[in-house]
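Note that the coordinates shown come from a computational prediction; the quantities given were computed from them, not determined experimentally. Chain naming here is simple, since letters A, B, ... match the order of the sequence lines and numbering starts at 1 in each.
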2 protein chains.
Amino acid sequence: MISIANTTKLKILDAAATAFATHGVDQTSLDDIARALGATKGKIYHHFGSKGELVCAIRKHSVQLTLDRVHPYFAAEAPPHEKFHAMAKAHATAMISELAYHRVVVEEMRGSGTGTITDNEHNLRLEITVLQSKYEDMFRSVLASGIAAGQFRDQDLSVTVRSFLMMLHAPIYWYQPRGPQNSHSIAMQLADMALGAVLVTHVKKSVTAIVQ
Amino acid sequence: MISIANTTKLKILDAAATAFATHGVDQTSLDDIARALGATKGKIYHHFGSKGELVCAIRKHSVQLTLDRVHPYFAAEAPPHEKFHAMAKAHATAMISELAYHRVVVEEMRGSGTGTITDNEHNLRLEITVLQSKYEDMFRSVLASGIAAGQFRDQDLSVTVRSFLMMLHAPIYWYQPRGPQNSHSIAMQLADMALGAVLVTHVKKSVTAIVQ
DNA sequence: TTGACAACATACTGATGAGTATGTTTCATG
DNA sequence: CATGAAACATACTCATCAGTATGTTGTCAA
């Protein structure tokens, strides 16, 4: 948190996130990022131990940003389906609002990363894992309440959480700030879909079927 | 299609897909793939013009495999919600069954790829785009029918398709062949969730709410 | 049987980029 | 005003690969 209060570090993080999100982590050299900053590699290496640490810092920041947006709705008092919808919408809004940071996270979700891993990077990875677990646990908790209340379908929680979170990540792949839809309506639709994905399913008789 | 009837090419494709899916495209050298094949780079370059073409071949194969699994259910006669559920389940099953190929597709979804792009690769990319469009159109069509029938929620089709497809991609990130769940139950749950995501939402009164 | 081509292996080049070693400047502090 | 350290810039090294150029082997048709 102190590290992010540092203005210079944050500028580097922003530039790096933007570049990584645009061209991919592996296709972006530290010289590229430095150029975008109007500086040189020396500046980056003075603040971050390695490229891997830089990526981890972006990932951690991404998770933290998302958590900050979603947690208030988790803490508030509300029935499961309303709470879930609000949290889902907040998550989608986060994806759209800080697109670059979250893109990096998704790209690194496969697991590998760079070959050499510093101690500092290793610790960062652990912290990120802990944060992500805590984050998922919030949703797990709400889902459990909803299932207990008979509103949500009783199914494997791990699969459920990972699945609808992937759906909420969708804007990362296609959202463009200058697109026709505003971010609010997209976030709302995604939240609606996420809620539908967990609710007890109720298929209405088709209108055409009745007509026939 | 003729190209894939070639046994040697398919073996290279399999080895490449496995390696790419495990360590990431950029972290995997052609020498690595050749070693996995018990051969050298020469073999690969004899069958594929560049690393980019190899990746494209994997992507195309992935889309084709998925299409082959889903299309029968699209062609069959059934009410929208049943057809959609069957297609979604087939998609999820495809993801799990040919995990490696589909992982490569998702990793390359950001858009960039290698710097140099051969003519051959460019054509492959166009073919892939066409295939993917046709694929999405199938779902778009079913969704339109369901909306017309009053079963599916009337919302932006593009957002809908891209979103629940992302959810169906989820197993790519965490499914392990030796996992506790069998592939069938996971595919079923994902299909259930996808259907719920598009159906007209119907929130049951909470049991606890009634008790209170 | 011979040449011609497919199907590779071997050995190189060349560029790219992460990381480092070593300046240089600013600035706070004693 | 001296001095140290923070905050960079500059100029390297060195390993990694994608791509290429060329050699080798088998096979088949004329």
Side-chain angles (χ1 to χ4, degrees), chain A residues 2-16 19-20 22-58 104 107-108 112-122 124, chain B residues 2-17 19-20 22-58 104 107-108 112-122 124-125:
Chain A
I2 296 173
S3 62
I4 292 178
N6 187 319
T7 301
T8 305
K9 272 196 173 185
L10 192 56
K11 278 183 185 171
I12 296 176
L13 241 54
D14 279 340
F20 286 158
T22 307
H23 307 103
V25 173
D26 295 297
Q27 307 300 326
T28 305
S29 70
L30 293 184
D31 288 313
D32 290 336
I33 299 172
R35 199 174 310 125
L37 283 166
T40 70
K41 264 201 297 202
K43 182 167 189 171
I44 300 177
Y45 274 104
H46 181 75
H47 291 275
F48 299 92
S50 68
K51 187 178 183 180
E53 282 187 25
L54 184 55
V55 172
C56 282
I58 291 174
V104 176
E107 188 183 340
E108 294 293 300
S112 68
T114 325
T116 328
I117 303 164
T118 68
D119 282 359
N120 208 325
E121 183 176 346
H122 190 255
L124 271 172
Chain B
I2 295 174
S3 62
I4 292 178
N6 188 319
T7 301
T8 305
K9 273 196 171 182
L10 191 56
K11 278 184 186 170
I12 296 176
L13 240 56
D14 279 341
F20 285 157
T22 308
H23 307 103
V25 172
D26 295 297
Q27 307 300 327
T28 305
S29 70
L30 293 184
D31 288 313
D32 290 336
I33 299 172
R35 198 175 309 124
L37 283 165
T40 69
K41 265 203 293 206
K43 183 167 188 170
I44 299 177
Y45 274 103
H46 182 74
H47 291 276
F48 298 93
S50 69
K51 188 178 183 181
E53 283 187 23
L54 184 57
V55 173
C56 282
I58 291 174
V104 176
E107 189 184 339
E108 294 293 299
S112 68
T114 326
T116 328
I117 303 165
T118 67
D119 283 0
N120 208 326
E121 183 176 345
H122 190 255
L124 270 173
R125 281 177 192 256

Heavy atoms only, 4.0 Å cut-off, all strands: where does [X] land among base, sugar-phosphate and nothing?
{"X": "B/T118", "value": "nothing"}
{"X": "B/T116", "value": "nothing"}
{"X": "A/S29", "value": "sugar-phosphate"}

* Asked: Counting only N and O atoms by type, is there a donor-acceptor contact under 3.5 Å from the side chain of B/E107 to the main-chain atoms of B/G24?
  ->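 No; judged by distance alone, with no hydrogens or angles, the pair does not exist.
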
* Answer yes or no: is there a donor N or O on one side and an acceptor on the other, between the side chain of A/E53 and the main chain of A/G49, under 3.5 Å? =>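 Yes: the side chain of A/E53 pairs with the backbone of A/G49.
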
* Which atoms form the tightest heavy-atom contact between A/Y45 and A/S50, and what is the distance? ->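 Taking every non-hydrogen atom into account, CE2-CA, 4.1 Å.
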
* **Where A/I44 and A/A34 come nearest, the two heavy atoms and their spacing** =>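 Reported closest heavy-atom pair: CD1-N, 3.9 Å.
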
* **salt_bridge(B/D32, B/R35) N-O dist < 4.0 Å** =>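 Counted as a salt bridge, because a side-chain N and a carboxylate O are separated by less than 4.0 Å.
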
* Closest nucleotide among C/dA9, D/dA18, C/dT20 to the B/T40 side chain ->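 It is C/dA9.
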
* **From C/dC8, C/dA18, D/dG19, nucleotide with atom closest to B/T8 side chain** =>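 Closest of the options to the side chain of B/T8: C/dC8.
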
Taking 4.0 Å as the cut-off, does a side-chain nitrogen or oxygen of [X] come that near to OP1 or OP2 on [N]?
{"X": "A/H46", "N": "D/dA7", "result": "yes"}
{"X": "A/H47", "N": "D/dC8", "result": "yes"}
{"X": "A/K43", "N": "D/dA7", "result": "no"}

When the distance from [atom1] of [X] to [atom2] of [N] is rounded to whole Å, what number comes out?
{"X": "A/Q27", "N": "C/dA18", "atom1": "CD", "atom2": "P", "result": "11 Å"}
{"X": "B/E121", "N": "D/dG19", "atom1": "CD", "atom2": "C1'", "result": "14 Å"}
{"X": "A/I117", "N": "C/dG19", "atom1": "CD1", "atom2": "P", "result": "12 Å"}
{"X": "A/L37", "N": "D/dA7", "atom1": "CG", "atom2": "C1'", "result": "14 Å"}
{"X": "A/K11", "N": "D/dA7", "atom1": "NZ", "atom2": "P", "result": "14 Å"}
{"X": "B/D26", "N": "D/dA18", "atom1": "CG", "atom2": "C1'", "result": "12 Å"}
{"X": "B/I44", "N": "C/dT10", "atom1": "CD1", "atom2": "P", "result": "14 Å"}
{"X": "B/L30", "N": "D/dT16", "atom1": "CG", "atom2": "P", "result": "16 Å"}

* Hey, does the side-chain of B/K51 have a donor or acceptor N/O within less than 3.5 Å of a partner on the base of D/dG19? ->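 Absent.
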
* Asked: Is any side-chain N or O of B/K41 under 3.5 Å from a base N or O of C/dA9, one able to act as donor and the other as acceptor?
  ->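 Donor-acceptor pair under 3.5 Å: no.
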
